[in-house]
Amino acid sequence: MRNPQMVWEWYNHRRKIIHEAQPNAGHLAIAEMQSLFDEVTVVTQNIDNLHRRAGSKNIFELHGNIERNFCINCRTFYNEELDFSHGVPKCKCGGLIRPDVVWFGEYLPEDQFEGSERASVLSDIFFVVGTSAVVYPAAGLVHAAKRAGAFIVEINIEGTEISSICDESFLGEAGKILPEIIKVINTNAN
Ligand SMILES: [Zn+2]
């Protein structure tokens with residue numbers, strides 16, 4: 001609030017970098033799961049929008065999305081490019097517009113978290129990908145899925161605190177392992 005100009009300079013810089021990034025083989029493999037399973041829900045802590053750009057449809061974003069903004073006064077959302085020609089962008093109501101990302105000390109968006117919880121306890125297979133799974137409340141989703149009877153598959157470059165409750169652990173890069181898993185499922189399906 002003290003320095004929105006600085007916040008926006010930093011976010012515009014980050015947004016530019018993120019926008020130039022492309023979904024990797026891991027994002028694409030997750031999107032491909034939609035054609036292999038009846039229902040796929042993606043729960044992400046990433047704010048980079050790359051799951052959507054990879055083609056995933058059913059996404060809960062626990063930490064928001066850097067390509068989306070909202071007015072802190074009336075909570076109108078702005079998905080399009082903002083106008084910076086007169087300095088920090090303002091809403092029609094006069095309120096400041098900020099990036100729709102969760103900042104340190106802020107709560108996770110309730111609808112996104114509740115949706116994630118619901119999907120977790122209903123899941124048959126729960127993939128934990130590229131996270132140390134130690135930050136709560138997101139890490140609690142793994143435990144909720146496990147308690148509800150899901151088969152837990154972990155894919156991470158190293159073992160984590162939740163490895164012991166996983167039914168399968170694959171150590172390595174998601175961009176290498178996920179496409180392998182898709183290949184095996186495709187082979188078995190044919
Ligand atoms: Zn407003």
Side-chain angles (χ1 to χ4, degrees), residues 1-24 26-34 39-123 126-145 174-175:
M1 290 301 287
R2 273 198 305 271
N3 200 340
Q5 180 71 34
M6 185 177 73
V7 171
W8 271 117
E9 280 169 18
W10 192 72
Y11 270 96
N12 282 341
H13 174 67
R14 284 198 77 192
R15 198 193 330 269
K16 193 164 168 283
I17 294 168
I18 283 170
H19 207 78
E20 283 161 8
Q22 295 301 321
N24 66 27
H27 295 105
L28 296 170
I30 289 169
E32 202 183 330
M33 284 183 177
Q34 293 172 132
E39 199 178 331
V40 176
T41 302
V42 177
V43 177
T44 183
Q45 293 171 287
N46 299 342
I47 60 166
D48 53 26
N49 206 32
L50 288 175
H51 282 296
R52 195 168 284 107
R53 284 169 59 195
S56 282
K57 299 256 161 22
N58 215 359
I59 308 172
F60 290 110
E61 295 167 317
L62 296 180
H63 292 170
N65 184 324
I66 197 169
E67 301 203 334
R68 207 167 50 219
N69 307 283
F70 70 93
C71 165
I72 61 171
N73 189 29
C74 69
R75 297 194 73 85
T76 296
F77 278 84
Y78 290 83
N79 299 322
E80 66 279 11
E81 289 282 307
L82 295 171
D83 178 15
F84 286 89
S85 55
H86 305 288
V88 171
K90 293 241 174 70
C91 178
K92 293 182 287 283
C93 81
L96 281 174
I97 296 173
R98 61 166 274 182
D100 185 21
V101 298
V102 176
W103 286 337
F104 189 75
E106 292 181 333
Y107 290 110
L108 302 188
E110 214 172 299
D111 59 333
Q112 300 297 297
F113 190 71
E114 283 175 7
S116 306
E117 261 186 326
R118 218 166 27 243
S120 300
V121 298
L122 291 174
S123 66
F126 189 104
F127 291 91
V128 190
V129 182
T131 170
S132 54
V134 289
V135 180
Y136 281 82
L141 296 174
V142 188
H143 296 278

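Everything quoted here is computed from the prediction, not taken from an experiment. Along the sequence shown, residues carry numbers from 1. Atoms within a ligand are numbered from 1 in the order they appear, just like the ligands themselves.
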Closer than 2.8 Å to the Zn ion (ligand 1), what protein N/O/S atoms do you find? C71 SG, C74 SG, C91 SG, C93 SG

C74 to C71 - nearest heavy-atom pair and separation: N-SG, 3.3 Å

N-O pairing of E114 and R118 below 4.0 Å: no

Below 4.0 angstrom, N of the basic side chain to O of the carboxylate: do R52 and E67 qualify? no

Using only heavy-atom distances, determine whether the side chains of D100 and N65 contain a donor-acceptor pair under 3.5 Å. no

Applying ring-ring contact (aromatic ring centres under 6.0 Å, His included) as the test, list every pair that has at least one member in residues 71-101; sequence neighbours left out. W8-F84, F70-F77

What orientation do W103 and Y11 show, parallel under 30°, tilted 30 to 60°, or perpendicular over 60°? tilted

